[in-house]
Asks: 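The structure's right below; bear with me while I get my questions together.
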Amino acid sequence: MVGARARSPLFLGVGKDHSETFLASDAMALAGVSDQIVYLEEGDAVDIQLGKYWIEDRARRAVTRPVQTVQAHSGAAELGPYRHYMQKEIFEQPRAVADTLEGVEGITPELFGDGAFSVFKAIDRVLILACGTSYYSGCVAKYWIEAIAKLPCQVEIASEYRYRDSVPDPRTLVVTLSQSGETADTLAALRHAQGLGMAHTLTICNVATSAMVRECQLAYVTRAGTEIGVASTKAFTTQLAALFLLTLALAQTKGLLSDAQEAEHLKAMRHLPAALQAVLALEPQVIAWAQEFASKENALFLGRGTHYPIALEGALKLKEITYIHAEGYAAGELKHGPLALVTSAMPVVTVAPNDALLEKLKSNMHEVRARGGVLYVLADADTRIDSSEGIHVIRMPEHYGVLSPILHVVPLQLLAYHTACARGTDVDKPRNLAKSVTVE
């Protein structure tokens, strides 16, 4: 058997005593079969025969690629007490965020690699490239970067960016986001940006050995562990944690982060695992919502500010695994079209933190109720939003300030999961979707 890596990832799995050899596009596909992985380089061709293999590079020269032991496979493949991998991964988020932040004693650019300080000093804007769930984490980061680091930030869908005429700026930090580090469109967009002369690149990725990490100047590797469920959960929240660290590092480099602010942010980040655990305790209340959602075919998700991308992510999770048509909207856009869809048959999920936009959001909620819409509200304790006819409220354990999006997304993940269970869909492997999108 002959294999070649050409624009899409290809991994070689070496069996026990070299008695069997495997090819796969994702190392996770080899879980339980082989933990000895050879990462082939772009242009490599491999000739596999019984008990042996040969590798040639793009110049057709014989080469040796190192065999690496991937420890995470066997443990990740065990469900334990959970019904599905998605449920397991939702409940792993406190640990995943804690692991991602482990060793962060202070804010320093070098968290992102050697030479990060000089790179951060040399840039005056940020461009984030990503797809799907990773794109929504980038949308949250845009609010953080512009508010805290005071840098203009643009977020682009990778597959759109690579095919349009854009205005390159060599003083841009190009940030790619990917769970696998092998996302075809994001890799192509990165190479396109580099080809336009934007050499300052950074990736936030969950796989240290991925092409994204190898091809970027700087990197922050999240430690979410292997994610098996197609609908991303812990990869999303760990990306947000890493993006907030990036925001603080950029702000510090620009002289905009005082010692007191740094200490306050670090304290909040260290408390995130405990805060996430408290949010997970809301699961019984979310299950009650899911029983009502199971019979619906449409849903609307509303948010404002940093919680608008969280509404988008909540809608994506619902449509991915329940097959219910769902849309996320900035709540202020209601009067500009979506309000026409609102009826008693259309549940409207509202993310309602106690922030500067709360009163505006309450006005949007009144608009929904006036049209007979039924609200499902994730509200901070001090928002003075109470359950009543047509308004169902789940109270979050605490208000978490600028990091609130990381907490508010968890009940939306649980809502999608339990609604899918109630509808009997395939939670971990929804139709037509793949975990790693390694082709265009």
Side-chain angles (χ1 to χ4, degrees), residues 1-78 85 89 131 134 158 176-191 194 201 203-217 219-230 232 235 428-429 433-440:
M1 182 164 63
V2 176
R5 173 166 182 162
R7 294 180 297 278
S8 295
L10 189 64
F11 302 91
L12 192 70
V14 181
K16 294 178 181 178
D17 304 320
H18 288 250
S19 60
E20 49 188 6
T21 312
F22 308 87
L23 284 176
S25 62
D26 189 326
M28 193 58 216
L30 302 172
V33 174
S34 173
D35 61 358
Q36 301 294 299
I37 306 295
V38 177
Y39 293 88
L40 298 174
E41 299 289 336
E42 181 69 16
D44 280 357
V46 57
D47 181 348
I48 299 174
Q49 296 187 18
L50 189 61
K52 51 192 173 182
Y53 62 88
W54 296 268
I55 301 174
E56 291 183 350
D57 65 12
R58 67 174 71 223
R60 303 283 71 87
R61 296 172 301 211
V63 293
T64 300
R65 302 295 185 207
V67 179
Q68 301 184 33
T69 301
V70 180
Q71 303 282 6
H73 284 174
S74 57
E78 297 172 3
Y85 286 109
E89 288 152 13
C131 302
S134 295
T176 62
L177 307 175
S178 171
Q179 185 276 137
S180 67
E182 304 286 352
T183 309
D185 284 319
T186 307
L187 274 171
L190 167 66
R191 293 162 186 162
Q194 291 169 324
T201 58
T203 189
I204 292 173
C205 175
N206 195 40
V207 181
T209 53
S210 65
M212 208 84 73
V213 172
R214 293 196 301 272
E215 295 187 24
C216 282
Q217 187 180 14
Y220 193 94
V221 178
T222 56
R223 298 171 65 185
T226 303
E227 192 176 63
I228 295 175
V230 166
S232 182
D428 289 329
K429 293 181 286 185
L433 302 178
K435 182 59 183 170
S436 297
V437 184
T438 56
V439 294
E440 184 178 352

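Starting from 1, each residue takes its place in the sequence as its number. Keep in mind it's a predicted model, so treat the numbers as computed, not measured.
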Asks: Within a strict 4.5 Å, meaning less than it, do heavy atoms of the Val63 and Glu56 side chains meet?
Replies: no
Asks: Could you tell me the separation between the OG1 atom of Thr21 and the CG atom of Leu12, rounded to the nearest 0.5 Å?
Replies: 6.0 Å
Asks: Let's go through Gln49 and Met1 carefully: what are the C-alpha distance in whole Å and the side-chain angles of both, what is the deciding distance for side chain to side chain contact (heavy atoms under 4.5 Å, CB included) to 0.1 Å, and is it a yes or a no?
Replies: CA-CA 7 Å; Gln49 296 187 18; Met1 182 164 63; over 6 Å; no
Asks: Under the rule for salt bridge (Lys or Arg N to Asp or Glu O under 4.0 Å), what residues qualify as partners of Asp44, not counting sequence neighbours?
Replies: Arg65
Asks: If the condition is ring-ring contact (aromatic ring centres under 6.0 Å, His included), which residues does Phe22 pass it with, not counting sequence neighbours?
Replies: none
Asks: Backbone N or O of Ala224 within a donor-acceptor pair of the Asn206 side chain at under 3.5 Å?
Replies: yes
Asks: What distance separates Ile55 CD1 from Asp47 CG, expressed to the nearest 0.5 Å?
Replies: 10.5 Å
Asks: Side chains of Thr203 and Leu177: does their closest heavy-atom pair fall under 4.5 Å?
Replies: no
Asks: Determine the minimum heavy-atom distance between Val213 and Ala208, stating which atoms define it.
Replies: CG1-O, 3.5 Å
Asks: Do you know which two heavy atoms are closest between Thr201 and Glu215, and how far apart they sit?
Replies: OG1-O, 4.2 Å
Asks: Considering non-hydrogen atoms only, spot the tightest contact between Met212 and Leu190 and give its length.
Replies: SD-CD2, 4.3 Å
Asks: Work out which heavy atom in Tyr85 is nearest to a heavy atom in Asp428; give both atom names and the distance.
Replies: N-OD2, 2.8 Å
Asks: Find the distance between CD (Glu42) and CG (Leu187) and round it off to the nearest 0.5 Å.
Replies: 9.0 Å
Asks: Over all heavy atoms of both residues, which pair between Ser210 and Cys205 is shortest? Give the atoms and the distance, please.
Replies: OG-SG, 3.3 Å
Asks: Side-chain contact test, heavy atoms from C-beta onward, threshold under 4.5 Å: evaluate it for Val38 versus Val14 and give yes or no.
Replies: yes
Asks: How close do Ser178 and Thr183 get, counting heavy atoms only, and between which atoms?
Replies: OG-OG1, 2.9 Å
Asks: Please check: side-chain N/O of Arg5 versus main-chain N/O of Leu40, any donor-acceptor pairing under 3.5 Å?
Replies: yes
Asks: Run the side chain to side chain contact (heavy atoms under 4.5 Å, CB included) check on Leu10 and Leu23 step by step: do they pass?
Replies: CA-CA 7 Å; Leu10 189 64; Leu23 284 176; 4.2 Å; yes
Asks: Between CD1 of Ile204 and OG1 of Thr176, what distance do you get to the nearest 0.5 Å?
Replies: 8.5 Å
Asks: Could you tell me if Glu227 and Ser232 have a donor-acceptor pair between their side chains, going purely by distance under 3.5 Å?
Replies: yes
Asks: Taking Asp57 for its side chain and Ala62 for its backbone only, find out whether a donor-acceptor pair lies under 3.5 Å.
Replies: no
